[in-house]
Amino acid sequence: MAVRFDSFSLSEMTAKPEDAFRLASLAMVEGQRIQGYGGDYYRYYMGDAMVVVRTMLDPDSGEELLLGMDTHAASRCQWTCRVERDLTDKDADPLQRRLLVRGESGEDNAVVDVLCADVLPAIETGGTLHLNMAGFPLRVDYAEGTCRGVVSAQEDTVLLEGVVKDAKVGESYLGMEPLTKFLSVTASTPLGDIELCHPMDMVKRSQTENIRPGAVVSCLCHLSGDAAAGEFAGGVVYSEENCLTVLRQFFRKGDVLRLRPVLRSDCACTFLANRQEGEENALALLDMVGGQLREAGFTVCVPGKLTGVDQADPPSAGKTGQRCLLLGSGPEAFAFLCLVETDSLGRAREILITNDSRYDCEPDAG
């Protein structure tokens, strides 16, 4: 995945396992903690370079597990793109994602290792992503001439051609101690600007004068996109919409632990006549119900809204127009609905899963 210390001339910092562990530990102590749904990330700036550490709680011991570490640039180059396919390796850890993405228009596409992917409530085919982008060339050329403007996905790399907008010498630091220097080049591409980082000696001597604005840069590279950007820069964003999205993912695919961040400590969950109060009890009930629904073939879960509630004998929650989830075995065969009541911060205080006929509802259009 996106572990390219060589692009910043920092390979020696992780040459030995103990060195890599020391750097990861430093990032966890001094870096910015970014909360995800299934684990946490720690972002540690090293001048114009940064490392991102992936961690999650061991469900058995409750201790924090160090999963791995990624690299990225201190970049502000953002892409808005659509997810075409999930290319994540089957051996990847739960917080790693590799995606094939496409621009909002045109035929250009790219393979992107997504950092901090778990800050997003869901990543779905056709969905829109906003990623802070960096590229790590394996080979690169700078030339004068006309730029075709290409971003083309290969197996796990990308062929890229763009116009240089800015070029500078990037620097890495550890605390106040200077470490290395490298080239940091901002290039314009059909999918948006990207920060290309690579050692100076990767450039042919005859091309050094072309490292300037207006030149054309062509490279084969690995792309890294940080999902903890924009509204998700600080991690998980609480809201009724995001809560429903995480619940929808759970009903479809499982992994009840991703629900933990969206539940209040005093959250209550009701399934038919079974009501459980408190975070742990609510999670246990949700885990059981989710498993039973999937075993019964109720794997279709779509967003909807209440269109009516029998006020003669009102149910315990719900009002006309409220958003909900519809659960069933097919688009026209919904058996249950799920309602969520959130607090002022957007965290769930009450979850209701019911087949009560006093609720009238319909799926959202599309």
Side-chain angles (χ1 to χ4, degrees), residues 1 34-41 53-68 83 85-99 113-127 129 227-228 232 235-265 267-269 271 274 276 278-303 324-329 336 338-340 342 346-348 351-353:
M1 302 293 276
I34 300 172
Q35 183 184 18
Y37 287 96
D40 292 334
Y41 304 90
V53 176
R54 307 185 305 275
T55 69
M56 67 181 298
L57 290 180
D58 185 329
D60 297 322
S61 67
E63 296 182 355
E64 193 168 34
L65 298 175
L66 173 60
L67 300 179
V83 179
R85 192 161 69 249
D86 192 331
L87 303 178
T88 307
D89 189 87
K90 61 181 178 61
D91 296 323
D93 67 56
L95 300 188
Q96 289 182 303
R97 298 296 288 272
R98 173 175 286 168
L99 303 173
D113 291 332
V114 182
L115 277 62
C116 303
D118 207 49
V119 306
L120 305 176
I123 296 177
E124 299 179 306
T125 300
L129 294 180
F232 296 101
V236 168
V237 174
Y238 299 111
S239 69
E240 180 190 59
E241 179 181 1
N242 289 344
C243 186
L244 287 169
T245 299
V246 178
L247 276 166
R248 182 185 177 195
Q249 290 292 103
F250 162 70
F251 285 124
R252 293 172 58 196
K253 300 179 181 179
D255 193 1
V256 73
L257 294 182
R258 288 194 85 239
L259 297 177
R260 187 183 296 276
V262 305
L263 305 185
R264 286 168 49 116
S265 60
C267 177
C269 178
F271 173 62
N274 187 348
Q276 297 293 325
E279 179 184 305
E280 296 301 328
N281 293 334
L283 284 171
L285 178 57
L286 284 165
D287 195 21
M288 181 191 73
V289 172
Q292 291 177 346
L293 292 176
R294 287 187 290 275
E295 287 178 8
F298 295 151
T299 57
V300 175
C301 182
V302 302
C324 64
L325 297 175
L326 306 180
L327 310 169
S329 57
F336 294 91
C338 175
L339 291 169
V340 177
T342 57
R347 301 184 69 177
I351 298 173
L352 174 66
I353 305 166

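Small disclaimer: the values here were computed from a predicted structure and weren't measured.
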Nearest heavy atoms of [X] and [Y], plus distance in Å:
X: Cys338; Y: Leu247; value: SG-CD1, 4.3 Å
X: Val340; Y: Cys243; value: CG1-SG, 3.8 Å
X: Gly235; Y: Val119; value: CA-CG1, 3.9 Å
X: Val83; Y: Glu124; value: CB-O, 3.5 Å
X: Leu325; Y: Pro303; value: CD2-CA, 4.1 Å
X: Tyr37; Y: Pro261; value: O-CG, 3.3 Å

Salt bridge (Lys or Arg N to Asp or Glu O under 4.0 Å) partner of Arg54, chosen from Asp118, Asp113, Asp93: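 So, applying the salt bridge (Lys or Arg N to Asp or Glu O under 4.0 Å) to Arg54 and each of Asp118, Asp113, Asp93, only Asp93 qualifies.
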Could you check if a side-chain atom of [X] sits within less than 4.5 angstrom of a side-chain atom of [Y], using non-hydrogen atoms only?
X: Ile353; Y: Leu327; answer: yes
X: Ser239; Y: Thr342; answer: no
X: Asp89; Y: Arg98; answer: no
X: Leu120; Y: Thr245; answer: no
X: Val262; Y: Asn242; answer: no
X: Met288; Y: Gln276; answer: no
X: Tyr41; Y: Leu115; answer: no
X: Asp86; Y: Ile123; answer: no

Would you say [X]'s side chain and [Y]'s backbone share a donor-acceptor pair under 3.5 angstrom?
X: Arg264; Y: Ala348; value: no
X: Arg248; Y: Cys301; value: yes
X: Arg97; Y: Cys116; value: no

In Å and rounded to the nearest 0.5 Å, what is the [atom1] to [atom2] distance from [X] to [Y]?
X: Ser265; Y: Glu279; atom1: OG; atom2: CD; value: 7.0 Å
X: Met56; Y: Asp40; atom1: CE; atom2: CG; value: 10.0 Å
X: Leu286; Y: Ile351; atom1: CG; atom2: CD1; value: 5.0 Å
X: Leu87; Y: Leu99; atom1: CG; atom2: CG; value: 7.0 Å
X: Gln249; Y: Leu244; atom1: CD; atom2: CG; value: 12.0 Å
X: Asn274; Y: Cys269; atom1: CG; atom2: SG; value: 8.0 Å

Partner set under side-chain hydrogen bond (donor to acceptor under 3.5 Å, both in side chains) for Glu64, not counting sequence neighbours: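 Counting only residues at least two positions away or on another chain, Glu64 forms a side-chain hydrogen bond (donor to acceptor under 3.5 Å, both in side chains) with Tyr42, Thr55.
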Charged tip of Arg294 within 45° of Phe250 ring normal and under 6.0 Å: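 Here Arg294 passes the 6.0 Å and 45° test against Phe250.
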